[in-house]
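Throughout, a chain's letter reflects where its sequence line sits, starting with A, and its residues are numbered from 1. All values reported here derive from a predicted model rather than from experimental measurement.
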Amino acid sequence: MRYSKYLLPTLKEIPSEAEVPSHQLMLRAGMIRKLTSGIYSYLPLGLRSIRKVEGIIREEMNRAGAIEVLLPIVLPAELWQETHRWEEYGKELLRFKDRHNRDYCMGPTQEEVITDIARREIRSYRQMPINLFQIQTKFRDEIRPRFGVMRAREFIMKDGYSFDVDEKNADESYQKMYDAYSRVFARCGLKFKVVEAESGLIGGHFSHEFMVLAETGEEIIVSCTHCSYAANIEKAEFKRSDRTSRSEDPNLFKPLQKVRTPNQRTVEEVTQFLSVSPKELVKTLIFETDKGPIAALVRGDHEINEKKLKAILGTENLQLASEETVEEITHAPKGFAGPLGLSIPVLADLDIQSMVNFVTGGNQKDAHLLHVNIGRDFHISQFVDLRKFTQGDRCPLCGGETRWDKGIEVGHIFKLGTKYSKAMGAAYLDEQGKERIIVMGTYGIGVGRTVAAAIEQSYDEHGIIFPMPIAPFQVLILPVNMKIDLIRETAEELYRILLDEGVEVLLDDREETPGVKFKDADLIGIPLKLTLGERNLNKGLVEIKKRRTGEVLLIKKEEAVSGIREMIRMEIEG
RNA sequence: CGGGGAGUAGCGCAGCCUGGUAGCGCGCUUGGUUCGGGACCAAGAGGCCGGGAGUUCAAAUCUCCUCUCCCCGACCA
């Protein structure tokens, strides 16, 4: 490709809308342009990188025996109603009507569509296992899109679905995808970690996320420093301290005491005001559910994990109570709720069991209680695991110390079971001629996000540093001055040979000053730069510079092409 | 949805408080000089000052309404 004939609009300045490095660099390098919030166009350079990732995915999917399809993006409501996700999915699902006033949505994921195909086309155990995938645009109406294509509303995703005769076979399909995904991200040149994850709205038994480690990641990954345990913090388990049985020795109980705490509402305010540690305080949170209001207690320094709470209560319908409801139930304004005298169920986290003489809200304006004790002062309906993983918590497997890292979720695999196949009646006949439900798995890769994550993981103050396998071009030829015949002719010659050899090459044939060309070259981050200058050429030499290391090689012009091919080969094979 | 910020040339911004000629840097066009790390000189093009209503002799500037974008939170493959 000739730069002068290409669309590669680089920017000197950082667009004000971009916060994180990958977003800034993708805009500056002319890879993407925003159309509206969370919706981006890919310009040629960005598209080339996208296509590279897609190519790697295709190869690895084919290697794993998956078969490519292309499913529609506009989906009828009926299909979604069958699995009840029309109601469950919420506002992220972009819905609209056609001219006949029929309901449709933009596909945020395609389990329903693929299951519809499966129930029509798969009738025999002989047709399984089968794994179908597609690479296609998805739409999720995110509340707040951010970070460019990293969290966009419209985005390109590879999604795949496996169909098996039983759980055991489904596990094998899952493992195949686990391996294939690992290969995909390794081949993309990414540093990543696989972690246990929540299944969310997709549902299913268990799932793993593929996380690219990066400072700007939105996910927190908990991992053990001693064993192989790693999980998304949303999902992370932890070892409880041994003191889980509550102290029942009333001799320890100090007399209950009410104190005035004017305007002290948050844990921070109250603990400072009373000079106690957050560990000595119990937070009382009132939730509204479709089964009525409940109170949930956690220690002051802990946080409620709403997913756990939902699971315990067996409801998807759960939210923090409004200020009015809190007042109604506790007879006090928000910030002064406590567990004493409540007429609703009170759930307490396991770590509350061992606490004595703690602080709670007084269920009265501007008042808290000191030396509160369970049993004497109030009763707990149920002790349960309610809280989130907290810094300092220990590994659930080996009790080892844990560490936190930030990650970008680029892939997610789910063992679905029969959630969709059962709801939609996707069944087959087994060897005995007996009808059985198909067991499914679902597997996704954020393609655009993978490119962004790669950049997030690989850049410097000058610009992007593309890993060779996903670089838009492999080599950039940079003739320092196009007006000097020797330089121009050599550039053209090398360009032609490299093209003939199948090398992906960009020739910067613009009549720009060298400085501009060098700056743009660094910005767009092509792994190899072939610089042609007069002094070197007069000696029959050309310069090859590696973007990543800055390493410079002066080699004979005649050896340039073979040298470049060798470097590309080595970098692609890792 | 709550809180905060911003919409002025393609991009980055000033001007607004205190109403009166729309400006700067980069980019773009033309000519010339330059040519191994974002060159220089000269001449240019480019604006419904996000939109609507109002106040005023007069609105980018003041008032009200509205739309859009960004950030924080809630939420979320």
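- Taking atom P on both nucleotides, rG7(B) is separated from rC17(B) by 15 Å, rounded to a whole Å.
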Verdict with reasoning, Phe210(A) to Tyr178(A), per ring-ring contact (aromatic ring centres under 6.0 Å, His included): CA-CA 9 Å; Phe210(A) 290 74; Tyr178(A) 185 108; 5.7 Å; yes

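- Distance CG (Asp485(A)) to C1' (rC35(B)): 15 Å, rounded to an integer number of Å.
- Taking the side chain of Val516(A) as heavy atoms from C-beta on, and the options rG38(B), rG36(B), rA77(B), the nearest nucleotide is rG38(B).
- By the neighbour-count criterion of 12 heavy atoms within 6.0 Å, atom NZ of Lys176(A) is sparsely surrounded, having that number or fewer from other residues, nucleotides or ligands.
- Side-chain to base pairing of Asn481(A) with rG36(B): no donor and acceptor N or O lie closer than 3.5 Å to each other.
- Within 6.0 Å of CD on Glu489(A) lie more than 12 heavy atoms contributed by other residues, nucleotides or ligands.
- The residue Thr36(A) sits close only to the backbone: its heavy atoms come under 4.0 Å of sugar-phosphate atoms, none of a base.
- In this structure rG23(B) sits in a base pair with rC13(B), meeting the Watson-Crick or G-U test at under 3.5 Å.
- No hydrogens or angles were tested; on distance alone, nothing pairs the side chain of Glu534(A) with the base of rG36(B) as donor and acceptor under 3.5 Å.
- Set against rC71(B), rG38(B), rG37(B), the side chain of Arg146(A) has rC71(B) as its closest nucleotide.
- Side-chain proximity of Thr513(A) to rA39(B), rG36(B), rG38(B): nearest is rA39(B).
- Side-chain atoms of Tyr181(A) and Lys158(A) include a donor-acceptor pair closer than 3.5 Å.
- Partner assigned to rU33(B) is rA39(B), using Watson-Crick or G-U wobble distances below 3.5 angstrom.
- Between the side chains of Asp179(A) and Gln175(A), at least one donor-acceptor pair of N or O atoms lies under 3.5 Å.
- Spacing between atom CE of Met150(A) and atom C1' of rC70(B) amounts to 16 Å, rounded to whole angstrom units.
- Counting to the nearest Å, the C1' atom of rG12(B) and the CD atom of Glu17(A) are 12 Å from each other.
- Using N1 to N3 plus N6-O4 or O6-N4 for Watson-Crick, or N1-O2 and O6-N3 for G-U wobble, each under 3.5 Å, rC1(B) pairs with rG73(B).
- Checking rA77(B), rC35(B), rU68(B) against the side-chain heavy atoms of Arg449(A) singles out rA77(B) as nearest.
- Closest to the side chain of Lys12(A), from the set rA39(B), rA77(B), rG38(B), is rG38(B).
- Nearest to the side-chain atoms of Glu512(A) among the listed nucleotides rC35(B), rC69(B), rC28(B) stands rC28(B).
- Not a single donor-acceptor contact under 3.5 angstrom links the side-chain atoms of Lys519(A) to the base of rG36(B).
- With a cut-off of 3.5 Å on both pairing distances, the Watson-Crick or G-U wobble partner of rG7(B) is rC67(B).
- Counting only heavy atoms from C-beta on, Arg535(A) has its side chain closest to rG36(B) among rG36(B), rG37(B), rC1(B).
- When the C1' atom is used for both rU66(B) and rG73(B), the distance is 25 Å, rounded to whole Å.
- Side-chain atoms of Arg28(A) and base atoms of rG38(B) include a donor and an acceptor less than 3.5 Å apart.
- Separation of the P atoms belonging to rG36(B) and rG47(B) is 38 Å when rounded to the nearest angstrom.
- Of the listed nucleotides (rG38(B), rC75(B), rG37(B)), rG38(B) has the atom at the smallest distance from the side chain of Leu523(A).
- Checked against rG38(B), rC70(B), rA77(B), the side chain of Arg140(A) finds its nearest nucleotide in rA77(B).
- Going from the P atom of rG5(B) to that of rG19(B) covers 23 Å, rounded to whole Å.
- Of the P atoms belonging to rG23(B) and rA6(B), the separation is 24 Å, rounded to the nearest Å.
- The residue Lys34(A) sits close only to the backbone: its heavy atoms come under 4.0 Å of sugar-phosphate atoms, none of a base.
- Under 3.5 Å, the side chains of Thr36(A) and Arg153(A) contain no donor-acceptor pair of N or O atoms.
- Rounded to an integer number of Å, the gap from CD of Glu13(A) to C1' of rC24(B) is 12 Å.
- Nucleotide rG73(B) holds its C1' atom 13 Å from the CD atom of Glu218(A), rounded to whole Å.
- Residue Lys546(A) places its NZ atom among more than 12 non-hydrogen atoms of other residues, nucleotides or ligands, all under 6.0 Å distant.
- As a whole-Å value, the separation of Met482(A) CE from rU34(B) C1' is 17 Å.
- rU61(B) and rA22(B) have their P atoms separated by 14 Å, given to the nearest Å.
- Separating the C1' atom of rC67(B) from that of rC48(B) is a span of 16 Å, rounded to the nearest Å.
- Side-chain polar atoms of Arg85(A) and Tyr420(A) form a donor-acceptor pair below 3.5 angstrom.
- Nucleotides rG12(B) and rG50(B) are separated by 14 Å at their P atoms, to the nearest Å.
- Proximity note for Ser16(A) (side chain, C-beta onward) versus rC13(B), rU34(B), rG27(B): the nearest is rC13(B).
- Residue Lys529(A) is the one, among Met157(A) and Lys529(A), whose nearest nucleotide of RNA chain B lies closer to the 5' end (criterion: closest heavy atom).
- If you measure from atom CD of Glu19(A) to atom P of rC69(B), you get 16 Å, rounded to the nearest angstrom.
- Residue contacts for Asn536(A): at a heavy-atom cut-off of 4.0 Å it reaches a base atom on one of the strands shown.
- In this structure, Arg144(A) and Phe518(A) both approach RNA chain B, and ranking their closest nucleotides by distance from the 5' end singles out Phe518(A).
- We find that CG of Leu478(A) is positioned 17 Å from P of rC35(B), with the value rounded to whole Å.
- Residue-level contact check: Lys158(A) touches neither bases nor backbone, having no heavy atom under 4.0 Å from any strand.
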